[in-house]
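The structure appears right after this line, and notes come after that.
Excluded from the calculations below are hydrogen atoms, water molecules and symmetry mates; all remaining heavy atoms, backbone and side chain alike, are included.
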Amino acid sequence: MTAPASDRGSWASRVGFVLAASGSAVGLGNVWRFPYITGENGGGLFVLIYLVCIALVGLPIMIVEILIGRAAGRSNVTAFRRLAGQRTPWAGLGWMGVVAAYLILSFYAVVAGWTLHYAFLSVTGSLAGRTAAEVQAAFAAVNADIPLNLLWVVAFMTLTMGVVAGGVRRGLERWSRILMPALGVLLLVLVGRAAALPGFVEGAGFVFGLHAGELTPAGVLEALGHAFFTLSVGMGGLLTYGSYLGPDARIVRDSVVVTVFDTLIALAACLVIFPVIFAFGLEPAQGPGLIFSTLPAAFAQMPGGSLLAAVFFFLLVFAALTSAISLLEVATAYFVDERGWSRRRATLTAGCGITLLAVPSALTGGTRLFGAGMAERLGADWFTLVSGLASNWLMPIGGLGMALFVAWRLDDTVRRAEFGTSVPERIYRAWLLVLRYLVPLAIVAVLLHAVGVV
């Protein structure tokens with residue numbers, strides 16, 4: 001069936017697409033995950049290696065995803081069928097992207113629910129005056145409160161469905177124009193406040209100083225793997241966004257803009273978090289609990305700390321929402337393109353399905369992160385299983401498959417035209433070489449690391 005044109009939609013402007021694509025890339029991976037893995041790997045050299053991975057692997061694959069979507073004018077599954085035939089095995093990559101979107105958003109909604117809860121606690125002043133141990137104990141209590149935990153998941157998914165149901169222009173683009181500037185302003189406010197702290201120089205040195213710290217070969221591979229996670233490549237979100245582009249779009253230019261913006265947000269988040277950590281003599285290598293236990297305790301010791309905490313956690317909520325709408329859009333676009341459903345029906349079906357899938361993650365989400373005993377009682381940690389499957393396997397394999405498809409299967413005339421005839425030939429050829437050889441080697445290394453071989 002063919003999707004109704006009104007439900008398929010298109011971007012109203014280049015700015016709208018860039019903001020929406022940036023929103024897809026910018027998320028909890030920038031403000032939550034990148035700072036804590038930077039802390040675990042000693043900062044400095046880890047950040048430099050991460051930047052190299054973004055430039056040599058993340059950016060080329062981002063171009064690939066948007067290129068496939070724009071060339072086909074359809075989302076994941078339908079795109080590969082249009083470009084390689086109805087019965088092509090390459091369509092499996094599209095199916096993998098849809099499955100990855102379901103799985104990622106199912107556990108992402110749990111973490112986003114925590115950000116909503118912490119924003120609520122900050123606004124009400126409930127975190128004021130608490131130590132790190134007290135904050136951590138408070139979270140453990142909330143995580144053990146299953147009805148409350150599920151309530152936040154439902155609240156976040158309701159917000160996400162409300163945006164996606166509005167369509168490309170009235171939903172995705174309109175809210176990206178609101179949320180992304182708001183996110184940038186909040187982050188600038190926090191960086192400005194952090195710059196006034198006595199720990200700012202030490203924090204900036206930790207992030208940008210060329211010291212090896214605790215970096216290991218495993219840390220190098222983690223930097224490479226995070227390049228996929230932070231840019232949201234390999235699961236078809238940007239492919240779907242690319243399918244709403246017109247023929248005059250400049251894919252390479254816009255991909256560079258999105259990548260630079262995403263990277264700046266991640267680095268700015270570090271310039272907020274680590275100066276606060278060093279100013280109050282706390283430990284940067286706190287792992288996933290860095291912003292949910294250590295940071296709130298530091299805010300509690302600062303003048304106006306409750307307000308700063310509220311600003312920070314609303315920043316997290318906005319970052320989570322901009323990424324979540326792109327994940328839900330992947331699932332929604334499948335039903336619109338493949339089944340010919342209306343956007344509202346597709347959004348409701350996909351959103352409710354993901355919410356149900358999030359239930360086991362909501363039951364076990366904090367067990368590995370904060371050491372609660374729920375996983376032992378249930379016999380498994382579903383949150384860790386699903387997040388590991390999606391982040392360590394589906395996204396890298398999806399990125400590898402898309403790179404190979406464009407590099408070896410897609411007709412060169414189509415590939416060159418979509419890349420942009422105004423882009424110099426030497427840049428096109430360099431990109432193609434990276435796709436054919438460097439990207440596969442890098443992704444295979446990530447996968448081997450995931451199974452403990454390297």
Side-chain angles (χ1 to χ4, degrees), residues 25 29 33-34 37-38 40-41 45-68 76 79-80 83-84 88-101 103-104 215-239 255 259 262-263 330 384-410 412 415 419 428-454:
R33 191 170 189 268
F34 181 67
I37 62 174
T38 297
E40 289 180 329
N41 289 282
L45 188 57
F46 174 82
V47 174
L48 177 61
I49 292 172
Y50 164 76
L51 295 177
V52 172
C53 292
I54 285 286
L56 295 183
V57 179
L59 174 59
I61 297 180
M62 177 180 286
I63 295 171
V64 162
E65 274 209 40
I66 299 174
L67 184 153
I68 293 172
N76 287 22
F80 288 100
L83 296 174
T88 177
W90 291 102
L93 290 173
W95 285 108
M96 186 181 299
V98 175
V99 171
L103 292 178
I104 293 170
L215 185 65
T216 64
V220 174
L221 291 174
E222 186 166 25
L224 178 58
H226 188 67
F228 288 91
F229 189 85
T230 188
L231 292 178
S232 297
V233 296
M235 53 85 182
L238 292 170
L239 188 158
S255 296
T259 301
D262 175 85
T263 304
V330 172
T384 302
L385 174 66
V386 171
S387 61
L389 173 64
S391 302
N392 297 335
W393 292 98
L394 293 181
M395 292 180 74
I397 291 175
L400 174 62
M402 291 180 196
L404 294 176
F405 175 79
V406 169
W408 298 102
R409 174 63 178 82
L410 191 62
D412 186 63
R415 182 175 58 217
F419 188 81
Y428 170 71
R429 289 298 169 189
W431 170 74
L432 194 56
L433 285 173
V434 167
L435 288 187
R436 287 179 169 175
Y437 304 108
L438 178 60
V439 166
L441 287 174
I443 295 176
V444 168
V446 172
L447 296 175
L448 291 176
H449 174 61
V451 296
V453 175
V454 295

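For A79 against I68, the heavy-atom pair with the smallest separation is CB-CG2, 4.2 Å. Here the closest non-hydrogen pair linking M235 and A100 is CB-CB, 3.8 Å. When every heavy atom of A403 is checked against every heavy atom of L435, the shortest pair comes out as CB-CD2, 4.1 Å. In this structure, A442 and L224 approach most closely via the heavy-atom pair O-CD2, 3.2 Å. In plain terms, the two heavy atoms of A55 and P60 that are nearest each other are O-CD, 3.4 Å. The two residues A25 and S232 have their closest heavy-atom pair at CA-OG, 3.9 Å.
Distance alone, capped at 3.5 Å, places no donor-acceptor pair between the T230 side chain and the H226 backbone. In terms of modelled atom types and a separation under 3.5 Å, the side chain of R415 and the main chain of A407 share a donor-acceptor contact.
Taking CG of L51 as the start and OG1 of T259 as the end, the distance is 11.5 Å to the nearest 0.5 Å. Rounded to the nearest 0.5 Å, atoms CD1 (I54) and CG (L231) are 4.0 Å apart. Here OH of Y428 is found 3.5 Å from CG of D412. Values are rounded to the nearest 0.5 Å. Between the CE atom in M62 and the CG atom in L239 there is a gap of 12.5 Å [rounded to 0.5 Å]. With values rounded to the nearest 0.5 angstrom, L93 atom CG is found 10.0 Å from I397 atom CD1.
Looking at I61 and I443, their side chains come closer than 4.5 Å, going by heavy atoms from C-beta outward. No side-chain heavy atom of W431 sits less than 4.5 Å from a side-chain heavy atom of L59. Looking at F419 and L432, their side chains never come closer than 4.5 Å, going by heavy atoms from C-beta outward. A 4.5 Å side-chain heavy-atom check between W90 and L404 finds at least one atom pair inside the cut-off. Looking at heavy atoms from C-beta onward, V64 lies out of side-chain contact with V439 at the 4.5 angstrom threshold. Side-chain contact between M402 and V233 is absent, with no heavy-atom pair separated by less than 4.5 Å. Put simply, the side chain of V52 does not reach to within 4.5 Å of the side chain of I49, judged on heavy atoms.
Between Y50 and F46, the angle of the ring planes stays under 30°, which puts this pair in the parallel group of the 30/60° scheme. Relative orientation of the Y437 and W408 rings is perpendicular, given thresholds of 30° and 60° on the angle between their planes.
For the side chain to side chain contact (heavy atoms under 4.5 Å, CB included) test with V330, the passing option among N76, I104, V99 is N76; the others fail.
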